[in-house]
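Since this is a predicted model, take the numbers as computed values, not measurements. In this chain, numbering begins with 1 at the start of the sequence shown.
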Amino acid sequence: MAAMAAAVASSPSPSPASTRLLRGHHPPPSCSAPSLLRLTRSSRRLRLRAAAAAEEADVLPGPGAEGEMAAGGRLEEQPEGPIGGSQVDIGGLAFQGDMGGGGFAGGSGGAGAGGGDGNKMLDRGINTAIVLGASTYALTKLLTVDHDYWHGWTIFEILRYMPEHNWSAYEEALKTNPVLAKMMISGVVYSLGDWIAQCYEGKPIFEFDRARMFRSGLVGFTLHGSLSHYYYHFCEALFPFKDWWVVPAKVVFDQTAWSAIWNSIYFVVLGFLRLESPATISSELKSTFWPMLTAGWKLWPFAHLVTYGLVPVEQRLLWVDCVELIWVTILSTYSNEKSEARNSEDASTSNASNV
């Protein structure tokens, strides 16, 4: 008995697996613990790869150094200035690169600038031709007044008699057609006066506004020359006396009634020639009427002491037109400064609205 007990005690104890077999549990035919562990690790690696692929699909390269990434689902921060190439916004995402359209846009901008320079050069050329052509014509008429009698004359004799014979030709024109002669003189003077005014305002000598100069010359030709002709005769009829006070009375009448009428006519007609509305013309006339009238008092009273005291009635407009070269500069500046300021303001407003 003792020997049998020792044999049983020394025999190994049954394993759990054998115990389960004894209890009726049977293992799966093709599944073991190591294979289950490998399957679990493989599925975890697949999920990690899928997550990494999803993150890479939602990341855009930033504009910084290589390897720097922008957070997914957020807009890329744009630099303050263009780094190079062009920028395109597609679907809320900003991309940057060298696009073909950038070169085209630059080319079109350069073409636009070139076109503007070309138009400016063309205007300057036209203005230069007008100035040189008019100057050449006037000098030719003055120098060739005696061309029918030049045979045998020296240059000295031509220059000597030129002023006297030009004056004789002017007096003959006043006898033949006084209104037309005075209209032509006033037209030339008012054109020159506006040109001087534009140069005084800072424009280069050959970059003046041709339309503005033409409007001023047209008013001088059609209105100032003819109206002044009749006005000076009316003034002589209104003050037919020869007393000492007649000249000051004519100056006072000229610088109140006539100046107010003529300044208003000039301002209103120029406004209509600029295609402005009557309301705009009336408003600007009210704001500039008194400054224009008082500005004339700084110049004309002294000039008209000569006009009414020394110059014959038929020659007065020529003397007045010589002084008008200064006055038209002032008058044209008053008449055009508000219109040009308003046009500049409208252009600035239009550009701001387009932006």
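Atoms CZ and CG, from Phe208 and Asp123 in turn, are 10.0 Å apart once rounded to the nearest 0.5 Å. For the atom pair OG1 of Thr256 and CG of Leu293, the computed distance is 8.0 Å after rounding to the nearest 0.5 Å. Atom CG in Leu139 sits 6.5 Å away from atom CG in Leu142 (nearest 0.5 Å). To the nearest 0.5 Å, the span separating CZ on Arg274 from OG1 on Thr280 amounts to 10.5 Å. Rounding to the nearest 0.5 Å gives a distance of 12.5 Å between CG of Asp117 and CG of Leu122. From Ile185, atom CD1 reaches atom NE2 of His224 across 11.5 Å, with rounding to the nearest 0.5 Å.
Using the six-membered ring where Trp is involved, Trp262 and Tyr190 have ring planes that are perpendicular, over 60° apart on the 30 and 60° scheme. The aromatic rings of Trp167 and Tyr170 sit tilted, their planes meeting at an angle between 30° and 60°. Ring pair His165/Tyr161 is parallel by interplanar angle, where below 30° counts as parallel and above 60° as perpendicular.
In this structure, Ile155 places its CD1 atom where only 12 or fewer heavy-atom neighbours from other residues, nucleotides or ligands lie under 6.0 Å away. Environment of CE in Met162: crowded, with over 12 heavy atoms of neighbouring residues, nucleotides or ligands closer than 6.0 Å.
Side-chain atoms of Thr307 and His304 include a donor-acceptor pair closer than 3.5 Å. Side-chain N/O atoms of Glu314 and His233 include a donor and acceptor closer than 3.5 Å. Checking Trp300 against Ser259 by side-chain atom types alone, no donor-acceptor pair falls below 3.5 Å.
Judged by distance alone, the side chain of Ser216 and the main-chain N or O of Arg212 form no donor-acceptor pair under 3.5 Å.
Residue pairs meeting the salt bridge (Lys or Arg N to Asp or Glu O under 4.0 Å) criterion with at least one partner in residues 169-178, sequence neighbours excluded, do not occur; the list is empty.
Closest of all the heavy-atom pairs between Gly220 and Ser186 is O-CB, 3.2 Å.
Taking hydrophobic clusters as Ile, Leu, Val, Met, Phe, Trp and Tyr residues chained together by side-chain heavy-atom distances below 4.5 Å, Val246 shares a cluster with Val320.
For Phe253 and Trp258, the ring centers sit 6.0 Å or farther from each other.
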